[in-house]
Amino acid sequence: MKKYALLASATLVLAFLIGRVHGHGDVQPQPVDIGNLELLGDEWRVTNPYVGNEEAIEIGASAYNQNCARCHGLQAISGGIAPDLRELPSDADGDEWYAMRVQNGVVRNGITYMPAFGELLGQEALWAIRAWLLTVAEDA
Ligand code: HEC
């Protein structure tokens with residue numbers, strides 16, 4: 001009896017580990033309700049239109065938790081898997097780098113380190129996440 005229990009838990013641990021490996025890069029984006037945020041159209045803005053926008057910050061916090069935290073950490077505190085996004089500069093250069101990364105993701109040598117989110121979430125949700133990230137930024 002005990003042996004079976006042990007085997008069962010070992011199988012569970014294995015399934016969990018395999019799930020994690022597969023889960024990486026293979027995104028299941030969570031739709032984001034952008035509430036009453038101003039719509040931004042198809043063309044990506046160069047800088048964040050929602051800086052300091054309370055509604056955007058609230059939407060961004062939740063969208064971050066659903067779509068980014070599993071790699072970048074809760075509250076944007078990285079556990080080491082992916083860069084700590086609190087360290088991203090808060091200025092226009094930071095906006096540019098952020099927009100480029102979230103739109104295209106990061107693929108190197110055929111390995112997806114980060115999936116492309118531009119089409120999946122849309123720029124409203126992604127700029128809302130950036131607006132929230134600014135509230136925890138190290139240089140804020
Ligand atoms: C599957 C894991 C994963 C998910 C999910 C993920 N990222 Fe990433 N992200 C990474 C990794 C890994 C890197 C570093 C890539 C590299 O090696 O350049 C990265 C890099 C970035 C960068 C560039 C940071 C820097 O310092 O250069 C930004 C910005 C970013 N991610 C934002 C986001 C946002 C916003 C979300 C949610 C919408 C998100 N990421 C979801 C794994 C992930």
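Counting starts at 1 for both ligands and their atoms, following the listed order.
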Closer than 2.8 Å to atom 8 (Fe) of ligand 1: does that hold for any N, O or S atom in Y113? no
Mind checking whether E87 has a heavy atom under 4.0 Å from ligand 1? no
D95 side chain to T47 side chain, donor-acceptor N/O pair below 3.5 angstrom: no
Heavy atoms of A76 and V136 approach each other most closely as CB-CG2, 4.2 Å
Can you sort out which atoms of ligand 1 are near [X], meaning under 4.0 Å from one of its heavy atoms?
X	answer
R108	16 (C), 17 (O), 18 (O)
C71	1 (C), 2 (C), 3 (C), 4 (C), 5 (C), 42 (C), 43 (C)
V106	15 (C), 16 (C), 18 (O)
N67	5 (C), 37 (C), 41 (C)

From NE2 (H72) to CG (L85), nearest 0.5 Å: 4.5 Å
Gap between atom CD1 of I129 and atom CD of Q66 - 0.5 Å precision: 9.5 Å
Using a 3.5 Å cut-off on N or O atoms only, is W97 in polar contact with ligand 1? yes
Determine which of the N, O or S atoms in H72 is closest to atom 8 (Fe) of ligand 1 and give its atom name. NE2
Heavy-atom count around E96 CD within 6.0 Å, excluding the residue itself: above 12? no
Side chain, backbone, both or neither: the part of [X] lying under 4.0 Å from ligand 1 by heavy atom:
X	value
L133	neither
R130	neither
P83	side chain

Are L121 and L134 linked, directly or through other ILVMFWY residues, by side chains that come within less than 4.5 angstrom of each other? no
Near-ring test W44/W127, centroid separation under 6.0 angstrom: yes
Look at the side chain of N109 and the backbone N and O of I111, then say whether any donor-acceptor pair between them is shorter than 3.5 Å. no
Please work out which of R101, M114, M100 has its closest non-hydrogen atom nearest to atom 32 (C) of ligand 1. M114
